There are 2 protein chains.
Amino acid sequence: MKRKTTRVTSYDVAKLAGVSQPTVSRAFTPNASIAKDKRDRVLAAAKQLHYLPNSIAASLSSARSNIVAVIVGDMHNPFYSESLQAFINRLQATNRQVLAFTVEDGRDCDAVLMQALRYHVDGIVVTSANLSSDLISLSREVGIPIALFNRSTSDPTLTSVRCDSVQGGGLLADAMFAAGAQSYLIVRGDPQGSTSRLRVKGFRDALASFGIGDSAITEIDGGSSYAGSYRAISNHFDSPAPQFPDAIFAVNDIMAIGCIDALRAKFNIAIPGDIMLAGFDGIREGRLGPYHLTTVRQPIEDMVTKTLDLLGRDNQGEKSATQVNCVLPGIFIPGRTVPGLVEIAPDKALEADIESISGKN
Amino acid sequence: MKRKTTRVTSYDVAKLAGVSQPTVSRAFTPNASIAKDKRDRVLAAAKQLHYLPNSIAASLSSARSNIVAVIVGDMHNPFYSESLQAFINRLQATNRQVLAFTVEDGRDCDAVLMQALRYHVDGIVVTSANLSSDLISLSREVGIPIALFNRSTSDPTLTSVRCDSVQGGGLLADAMFAAGAQSYLIVRGDPQGSTSRLRVKGFRDALASFGIGDSAITEIDGGSSYAGSYRAISNHFDSPAPQFPDAIFAVNDIMAIGCIDALRAKFNIAIPGDIMLAGFDGIREGRLGPYHLTTVRQPIEDMVTKTLDLLGRDNQGEKSATQVNCVLPGIFIPGRTVPGLVEIAPDKALEADIESISGKN
DNA sequence: CGCTTGTTTGAATACGCATTCATATAGTTC
DNA sequence: GAACTATATGAATGCGTATTCAAACAAGCG
């Protein structure tokens, strides 16, 4: 005997409350024109029947789904999983839902983006992934706004929000030069992405302004991952006559951590004793005891807020041509991998670090 | 001049292809009864018009949304963010979408669950969060299956998938006892959750079988987080005459890492030289160079597969009373925080560790 | 050839809500 | 009390697809 799960609809509630279906709809709509007593009556009836408004149906008839798609490229980099987390929190707080997608390393996210478009989401956030221009124009055609997060635009007509890589790179160069570094090793990231390139540019520009010439700077390819930079460092110092720098700049934290692990485990190099080192991003892992990474933190919360803001504005349809490229400054975080930094109240800092990592089962 | 973004519908495609709307629908439905030439004609027309089937509308009329909600309780514990990642990957591979939610620490997830129910998702996965029995019965009423992930059931009628905490705890006790530990310190987790309790039980039971009495075992409360266990360890060893154990068992990896950082930074205690230590979960952070944590890994992939399997089965409606409590065994991972373990090919292991952490920008 | 079985197809409809529009009621003003 | 304005309400309709259902058609068989 299969019980047909007939769902409770707004009509059922309407009947019980002695009103029409639209009235039920209005009772659940903020700022709707409805008398207080009716609303109460409807809500009571709804509660009695365990009525749950069907958001899918609402989406269909109102043409807004209250869903935002977030496409995350590299879930292995904690920065992006932290970002996803921030998006979920922020959207949830504003009564919207997150449709989460991931994209395999390197592969473009067209298929995934297509899925998102099919659900007629209110907007799409793309993080660390490559999208084809076909899909971009398709999304325009369909009227679903896209925003790039921490990704500068190959297509400048796309809305994007990111951290100022050039400025951030400069901050780190400042700190290292001030700490006395005369020779530098740069561990690059993804050669495709502009992020790595800009960070390196900012870093080198600042060094140049201090009179550090190219001959004092070496660059190696770190593959943009923990494993990649671990290997890159290993290869570098295993080579016959390796350059032995005063300072290392890894273009992101997860790579910086890979460098530290390799330097310590394979070459017994002390940090910052033998070599000073810095990363970029401000991920939680960087604040763990063994690292205490000096880095530049991307203002994730602000970036997320800004991204959703732009996405929403686009959505208002006022002028959908309003593409904005928003760049927020990075925040210098003094750690213990660059010597001589005045840590802000060491004890407090540690305490703060501990809290910031947190984690509860 | 506001251009009305009139979307391309199946009717438009039908007209262009010279068929009826249902035929268009069938063209996009696998195994549908449709002639090959018609399907081709429809698909061609669809491509020409940039037609994207509206999944929202499909959900409404077919009563299946192809969306699974995943509610994550503690995003600060990397185990759960890894789990979310695994769910996203798995569901995406089977052409389903993930509606992702987070729940504040400790708060029950009723509000969030309600949101999920409203979207008439095909199923809901709840991870590390407390749900009220009201909501459970509501979900039953609405016919949306719920599965608990890594959470044993207070309500035994709920489907759940978890790792065998008792067995896993036993494995760690085996290893530590074999390494010569005679006295133990246990850092407990969330007193509400059964996970911590069961892991401790398995650990103590095994010790008891080796003749280790209660007098040789101390338990302290680690608050279930990095910060909590860091402080717990600090307080313990700061006390006037602290018990100085041979071994420490932290009920999860993130706590174990907190313990290690505190022991090293504040008490200059070497691991495993002075004290051996183990965690539980198998998170990526545990494999970083400075830790190399000995632990028990939860088989996330299998657990995810199993969870979705059960969720789907429930969905078939055959017998929705088929609640299953699935328990998968944990896998012992020898690390360097318990001495004397035969690491499986040290070089290979390191290499594998490096790869497993990865991360690409 | 008449009949059955099986495959395609289109007309009609359901899905559950939001929205438009016209009507009805209450509230104001002179 | 007439003439308005503001507010509440319900009837009707639309959103874009999947799913009956019955009709049309082809094929197989005695």
Side-chain angles (χ1 to χ4, degrees), chain A residues 4-43 45-46 49-67 115 117-122 142-144, chain B residues 4-42 45-46 49-67 117-122 142-144:
Chain A
K4 189 72 167 295
T5 308
T6 303
R7 278 169 172 160
V8 181
T9 75
S10 56
Y11 283 99
D12 301 322
V13 175
K15 187 178 299 176
L16 178 60
V19 298
S20 68
Q21 180 270 326
T23 301
V24 175
S25 173
R26 282 188 266 259
F28 283 92
T29 306
N31 308 324
S33 171
I34 182 177
K36 183 173 185 332
D37 61 320
K38 296 245 174 186
R39 164 169 279 157
D40 292 344
R41 202 134 50 91
V42 168
L43 294 182
L49 295 177
H50 299 304
Y51 169 66
L52 279 179
N54 184 332
S55 300
I56 296 283
S59 300
L60 185 58
S61 73
S62 71
R64 358 187 31 259
S65 60
N66 283 321
I67 296 177
Q115 288 296 316
L117 292 178
R118 279 177 169 222
Y119 275 90
H120 286 223
V121 294
D122 292 346
V142 184
I144 296 179
Chain B
K4 189 71 167 295
T5 308
T6 302
R7 282 173 169 154
V8 180
T9 74
S10 55
Y11 282 99
D12 300 323
V13 177
K15 189 178 299 176
L16 179 60
V19 298
S20 68
Q21 179 271 327
T23 300
V24 175
S25 172
R26 282 188 266 260
F28 283 93
T29 307
N31 307 325
S33 170
I34 182 177
K36 185 173 183 332
D37 61 321
K38 295 245 173 182
R39 162 168 281 155
D40 292 343
R41 201 134 49 89
V42 169
L49 295 177
H50 298 305
Y51 169 66
L52 278 179
N54 183 331
S55 299
I56 296 282
S59 300
L60 185 58
S61 78
S62 72
R64 4 189 24 263
S65 60
N66 284 321
I67 297 177
L117 292 178
R118 280 177 169 220
Y119 275 91
H120 286 221
V121 294
D122 292 346
V142 184
I144 296 180

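By convention in this document, chain letters (A, B, ...) are assigned in the order of the sequence lines, proteins followed by strands, and residues within each chain are numbered from 1. Owing to the predicted nature of the structure, the values given are computational and were not obtained by experimental measurement.
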Starting from [atom2] on [N], measure out to [atom1] on [X] and report it in whole angstrom.
X	N	atom1	atom2	value
A/R7	C/dG16	CZ	P	8 Å
B/R118	C/dG16	CZ	P	15 Å
A/N31	C/dT19	CG	P	13 Å
B/K15	C/dG10	NZ	C1'	16 Å
B/K36	C/dT7	NZ	C1'	17 Å
A/I56	D/dA18	CD1	C1'	14 Å
B/R41	C/dT8	CZ	P	15 Å
B/H120	C/dG16	NE2	C1'	9 Å

Contact class for [X] (heavy atom, under 4.0 Å): base, sugar-phosphate, or nothing?
X	value
A/T23	sugar-phosphate
B/F28	nothing
A/V24	nothing
A/T9	sugar-phosphate
B/I34	sugar-phosphate

Can you give me the closest heavy-atom contact between [X] and [Y], atom names plus distance?
X	Y	answer
B/V42	B/V13	O-CG1, 3.8 Å
B/A14	B/Q21	CB-N, 3.7 Å
A/I56	B/S59	CG2-CB, 3.8 Å
A/V142	B/R7	O-NH2, 2.8 Å
B/A32	B/R26	CB-O, 3.5 Å
A/V121	A/I67	CB-O, 3.3 Å

### Query
Any donor-acceptor pair under 3.5 Å between the side chain of B/Q21 and the base of C/dA11?
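Not at all, since no donor on one side and acceptor on the other fall under 3.5 Å apart.
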### Query
When only distance counts, do a donor and an acceptor, one from the side chain of A/S61 and one from the base of C/dC17, lie under 3.5 Å apart?
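Such a pair exists between side chain and base.
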### Message
Assuming nearest nucleotide by heavy-atom distance, tell me which of A/R26 and B/S59 is located more 5' along DNA chain D.
### Response
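Checking each residue's closest nucleotide, the 5'-ward one belongs to A/R26.
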Given [options], the nucleotide with the shortest approach to the side chain of [X]:
X	options	result
A/Y51	C/dC17, D/dT17, C/dG16	C/dC17
A/L60	D/dG16, C/dT19, C/dT9	D/dG16
B/A58	C/dT9, D/dT9, D/dA18	D/dA18
B/S33	D/dA11, D/dT19, C/dT8	C/dT8

### Query
Counting only side-chain N and O atoms of B/K38, is one of them less than 4.0 Å from OP1 or OP2 of C/dT8?
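Negative; the distance criterion is not met.
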### Task
Rounding to 10 degrees, work out the angle separating the end axes of the helix from C/dC1-D/dG30 to C/dC30-D/dG1 (five pairs an end).
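That helix gives 30° between its end axes.
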### Query
Nearest nucleotide by nearest heavy atom, which residue falls closer to the 5' end of DNA chain C, B/A32 or B/A57?
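The residue whose closest nucleotide sits nearer the 5' end is B/A32.
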### Query
For the side chain of B/R41 and the backbone of B/A17, is there at least one donor-acceptor N/O pair under 3.5 Å apart?
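Yes, the answer is positive, given that a donor and an acceptor are paired below the 3.5 Å cut-off.
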### Task
Would you check if A/L52 and A/V8 make a side-chain contact, meaning some heavy-atom pair closer than 4.5 Å?
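A/L52 does not reach A/V8 side chain to side chain.
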